[in-house]
Structures are given as C-alpha cells and as structure tokens.
Amino acid sequence: MSALTLPEDDWIRGISIKQPWTAAILTGAKTIENRPRPWKPGWVLLHASQQIDRSALRIPLVARTIRDQRLSTGAVVGIARITGCHQDPEGSPPCSPWAQPGSWHVELADVQELPLPVPARGQLGPWKTAPDLLDQVFQQLPGFRP
C-alpha cells in the first residue's frame, strides 16, 4: 500500500488489550471492549498487552470463542474501527454478553487480523502510533482503506 493512500497526521490510535480478550475481538465475536472512560470513534491498532488475563481463560464464553486462536502478546495483532461508545442505562440488560456493567462500551467494527504480529509497546489509554509501526502494519494489509 502506498503511503499516499493513507490519511496524514494523527488519524489512528493504539488500544492495548490483554489476551484472551484481544483474540476474542479478532474472531469477530467480541464487538464490545470495556473501558473506564469513553473513547472517540475512529481507527485503532489492536495491541495485545504483555500480560494474559489467566482467569478469563476459564470463562466458557471466552474459551469457546478463542478456541484454536493464537494468544500473541506485546504486539499489534490487528486493526478495528471504533463506531461508538456508550454505557448501558441503569437497570437495563447488557448490550452484549461481553459488556460489563458500569463500564464504557467501546463499539468495534471492521476488525482485521494481521497475518503476523508486529512487536510493539503499548500503554494505557489511547496512544499515538509511530510512523514506522504503521508502515509495518499496513504492509500486511495491502487492501486496507480507511
């Protein structure tokens, strides 16, 4: 992909998520990511944090969803588009089986897994992506158009 086809400046952020939650997003089943604060719509690099949430591996919904998925850590493993962010009204049922009460529910769409993880350091909250990291990610997604 030519760099000329991509927007310029700060158009894509990174989001760091522990495994196995990242793997569940990559399957397309987990379309809600729980966060303590709202996030703005736009494209994000999906970064698998260094740590694995071992207790989540015993949750039946998670175990069924991530079966046969690799649990890469410390790397960008895909991209997704945030389409919205909301909290469920008090007393209402959760918007998704993945939604946690009291959290902001970041709505994810257009998820694309990278063929190969790209090693990267993530951080809490939305983080700016370095140009060389973006180059490595988009080399693997030649048909991507934001």
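- Between the Thr27 side chain and the Ala29 main chain, a donor and an acceptor come within less than 3.5 Å of each other.
- Below 30°, between 30° and 60°, or above 60°: for Phe144 and Phe138 the angle between ring planes is below 30°, a parallel geometry.
- Criterion: ILVMFWY side-chain heavy atoms under 4.5 Å apart, direct or through other members. Under it, Trp21 and Leu26 are part of a common hydrophobic cluster.
- Under the 4.5 Å side-chain heavy-atom criterion for ILVMFWY residues, no single connected hydrophobic cluster contains both Ile25 and Leu114.
- Taking CG of Leu45 as the reference point, atom CG of Leu133 lies at 5.5 Å (rounded to 0.5 Å).
- Residues forming a side chain to side chain contact (heavy atoms under 4.5 Å, CB included) with Ala48 (at least two apart in sequence, or on another chain): Gln19, Thr22, Val77.
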*Give the intermediate values and the outcome of side chain to side chain contact (heavy atoms under 4.5 Å, CB included) for residues Gln112 and Leu141.*
CA-CA 8 Å; Gln112 296 179 56; Leu141 299 170; 3.9 Å; yes
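- Taking Glu33 as the reference, Lys30, Arg35 meet the side-chain hydrogen bond (donor to acceptor under 3.5 Å, both in side chains) condition, with sequence neighbours excluded.
- Contacts of Gln100 classified as side chain to side chain contact (heavy atoms under 4.5 Å, CB included), with partners at least two apart in sequence or in another chain: Asn34, Ser103.
- Applying the side chain to side chain contact (heavy atoms under 4.5 Å, CB included) criterion to Arg54, with sequence neighbours excluded, gives Ile52, Leu57.
- Between Pro41 and Thr83 there is no side-chain heavy-atom pair separated by less than 4.5 Å.
- A chain of hydrophobic side-chain contacts below 4.5 Å, direct or via other Ile, Leu, Val, Met, Phe, Trp or Tyr residues, connects Val111 to Ile66.
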Side-chain donor-acceptor distances from residues 115-124 under 3.5 Å, at least two apart:
none

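- Partners of Gln140 under the side-chain hydrogen bond (donor to acceptor under 3.5 Å, both in side chains) rule, at least two apart in sequence or in another chain, do not exist in this structure.
- Scanning both residues, Thr129 and Gly14, for their nearest heavy atoms gives CG2-N, 3.8 Å.
- Ser55 meets the side-chain hydrogen bond (donor to acceptor under 3.5 Å, both in side chains) test with Asp53; sequence neighbours excluded.
- The SG atom of Cys95 sits 4.0 Å away from the CD1 atom of Ile32 when rounded to the nearest 0.5 Å.
- For Gln136, the side-chain hydrogen bond (donor to acceptor under 3.5 Å, both in side chains) test picks out no residue, with sequence neighbours left out.
- When all heavy atoms are compared, the tightest approach of Ser16 to His47 is OG-ND1, 3.0 Å.
- The heavy-atom pair separating Pro20 from Val62 by the smallest distance is CG-CG1, 3.5 Å.
- Scanning for salt bridge (charged side-chain N to carboxylate O under 4.0 Å, His left out) contacts around Asp110 gives Arg81, with sequence neighbours left out.
- A donor-acceptor pair under 3.5 Å links the side-chain atoms of Thr65 to the main chain of Leu61, judged by distance alone.
- Applying the side chain to side chain contact (heavy atoms under 4.5 Å, CB included) criterion to Ala63, with sequence neighbours excluded, gives no partner residue.
- Val44 is not connected to Trp127 by any chain of hydrophobic side-chain contacts under 4.5 Å among Ile, Leu, Val, Met, Phe, Trp and Tyr, and they are in different clusters.
- Between Ile15 and Trp39, the closest side-chain pair of non-hydrogen atoms falls below 4.5 Å.
- For residues 52-104, the set of pairs meeting the ring pair (Phe, Tyr, Trp, His ring centres under 6.0 Å) definition, not counting sequence neighbours, comprises His86-His105.
- Applying the side-chain hydrogen bond (donor to acceptor under 3.5 Å, both in side chains) rule to pairs touching residues 68-77 yields nothing, sequence neighbours excluded.
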